[in-house]
> 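Got a structure for you, written out below as structure tokens; questions coming shortly.
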Amino acid sequence: MLAPPDDLEKLFLEAAQSWDLERIYTDIERVNGKPLKPTERACLRGLLCRYRPGQIAFKLTWTSGSLRVELNKGLYRYLEALAEKPLNTLRWECIGDWLEEKGYKLSGTSLNRIDRSTLTSQQGLTDWGDAPEAPVFFGRKEELAQLEQWIVVDRCHLVAIWGMGGIGKTALSVKLVEQIQGKFDYFIWRSLRHVQPIQQILADLLKSLAPQLSTSQFEVSDLIEVLKQHRCLIVLDDFETILRDGELVGLYRPGCEGYAELLERVGGERHQSCLVPISREQPKEIAVLQGADLPVRSFKLSGMQRQEARQLLVARGFTGSENGMEQLVQQYRGNPAALRIVGTTIHELFNGNISEFLKQTALALGDVLRSLLYQQFERLSDLEKDILYWLSIRRRPASLVMLRDDTKSIASGSELLDALESLRWRSLIEKSTEGNEVVFMLEPVVMKYVSKKFIDEVCKEVDAIAQTQSLVKIRLLRSHALVEDLAPDNTRAAQIRLILKPVKDRLGIALAQAGMTEEAFNEVLTTLQTRFSQDSMYLEANLALLGLLL
Ligand SMILES: Nc1ncnc2c1ncn2[C@@H]1O[C@H](COP(=O)(O)OP(=O)(O)OP(=O)(O)O)[C@@H](O)[C@H]1O
Ligand SMILES: [Mg+2]
């Protein structure tokens, strides 16, 4: 149903703040020979405020399909004519740029001269950017309540939401914003997925928040000024993309160092707004600034609760009474991305039989989750990777003393502590206490991925040994044990079955491909033996386990 014209005229009036609307209306009438209808005027204002067509349709109580037809028939074509662009080339995102080129944007004033009274009395700006929709969403009531409390009631300035890939950060934040955006004058969502230098994001945000500001060099101070004047909610998703790969957590990519200043100042200075970075890793500044009595908070998102995760599986075609559902949820720690992917696999390959699937854990990781974890893993420093490999070999919680022993040839004690902290911030490992001892372990989904990665990498080394008959390029076989000497029996049995066996199989294939018998190969290795005995902790033992050097 169409909203009555009276209401239509009141919609998106804030566009008048930045645009000479009357002149646009008159010129469109002149170029096209007829005036815009009230609906078209409302749509034009909405588009100039950067609402998406679907959101405008919602406000007009139209279906988005019928609104799109209407826009394609009329407004879009008129705007092409007005902007003197070829027919059928308009994308709604460009409308602002086109009309700005044509001089319809009101001329800028400096930020300090923004007329506060008009701005604050205007209807607020809502700009979802490229935020996804979350049409199917279960549970998370406590998480939403906690975040709402921090942002709306406690009026925090900086609230980071972080957690491992696929755990549901973006979906939760979309729900959160839907719930609380009415409490803010302005709301903007941006993803940093395509690595944006700070200048670019500041320009983008300020273009919307303070269109009157006329400068080409935006500074964090300009944004802070707006955050003081208006109650703004700004969400920056995929924050980890501006952090550097291959380093300990928290360092920024070149050109993105300014984000540290952004977080520090938004967290530390007086204003009335809230910035919400969403990240797979906890930004370092937040870890430093956060506190229960401070306006900076950090929310680590964990998996979904059992009941809610079950609902998610039911929505993916399970009845909820299947055997093994509890175990499945447990195994994937309520990670919604993992459960969705695994749900599909179980339907496609196991005819929906969860217990059957659970017996064959090798198939447990679907492509999507693997690629999520791949991205996360590739970002790590060598030491972080080495620690994860050790934890995957151990298959049980490891104390600091054990890890120190494992990594003593590659890292000092303090380097190890830094790397462990970094891995925790990246939500790849969990810390808990056993007796009086602090222990570290892998998240189960991560465990699967890292175990496979370790075997793949060791197999590559085995290939290289067979092809080059040298040990020059060997690293993991030197630094990690395939099977631990002192592990409990059941762990050793698992290590033999899950690590040693596949590597050994691979060695057989590699030798066959290289046209060598094991005996001939052993002779080559024996001549090398004197050279590798000093520099490697585990190489000799590993080669012996593989049936070599006997
Ligand atoms: N509470 C929920 N109910 C139903 N589905 C959910 C829920 N939370 C997340 N999902 C779904 O799980 C998938 C992963 O969620 P999301 O993209 O929010 O994860 P993320 O933590 O942002 O991941 P990334 O680190 O890759 O950005 C999505 O398909 C999302 O729709
Ligand atoms: Mg996300």
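Only this structure's heavy atoms are used, side chains among them; waters, hydrogens and symmetry mates stay out. All ligand and atom numbering here is 1-based and tracks the order in the structure. On a predicted model such as this, the values are computed, not experimentally measured, just so you know.
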> Tell me whether Gly166 reaches ligand 1 (any heavy atom closer than 4.0 angstrom to a ligand atom).
yes
> Tell me which one of Met304, Lys169, Gln305, Glu308 gets a heavy atom nearest to atom 25 (O) of ligand 1.
Lys169
> Quick check: Trp92 with Tyr76 (ring centres under 6.0 Å apart)?
no
> List every atom of ligand 1 that sits less than 4.0 Å from any heavy atom of Val136, numbering the atoms from 1 in the order shown and giving each element.
3 (N), 4 (C), 5 (N)
> Kindly confirm or rule out an N or O of Leu172 lying under 3.5 angstrom from an N or O of ligand 1.
no
> Are Phe12 and Leu48 side-chain neighbours, meaning at least one heavy-atom pair lies under 4.5 Å?
no
> Any nitrogen or oxygen of Glu240, side chain or backbone, less than 3.5 Å from one on ligand 1?
no
> Would you please say whether a donor-acceptor pair under 3.5 Å links the side chains of Arg265 and Ser221?
yes
> With only distance considered, is Gly168 within less than 3.5 Å of ligand 1 through an N or O on each side?
yes
> When the aromatic ring centroids of Tyr449 and Tyr389 are compared, is their separation below 6.0 Å?
no
> Please state whether the rings of Phe239 and Tyr252 are parallel, tilted or perpendicular, taking 30° and 60° as the class boundaries.
perpendicular
> Which of the atoms of ligand 1 are close to Leu312, meaning less than 4.0 Å from one of its heavy atoms?
4 (C), 5 (N)
> To check you understand the geometry: which heavy-atom pair defines the closest contact between Ser479 and Trp390, and what is its length?
O-CZ2, 3.4 Å
> When you compare ligand 1 with Arg280, is there at least one nitrogen or oxygen pair between them that comes in under 3.5 angstrom?
yes
> Output yes when the distance from some N or O of ligand 1 to some N or O of Phe137 is under 3.5 Å, and no in every other case.
no
> Under 4.0 Å from a heavy atom of Ala171: give me the atoms of ligand 1 that qualify, with their elements.
8 (N), 9 (C), 18 (O)
> Over all heavy atoms of both residues, which pair between Cys274 and Val276 is shortest? Give the atoms and the distance, please.
SG-CG2, 4.0 Å
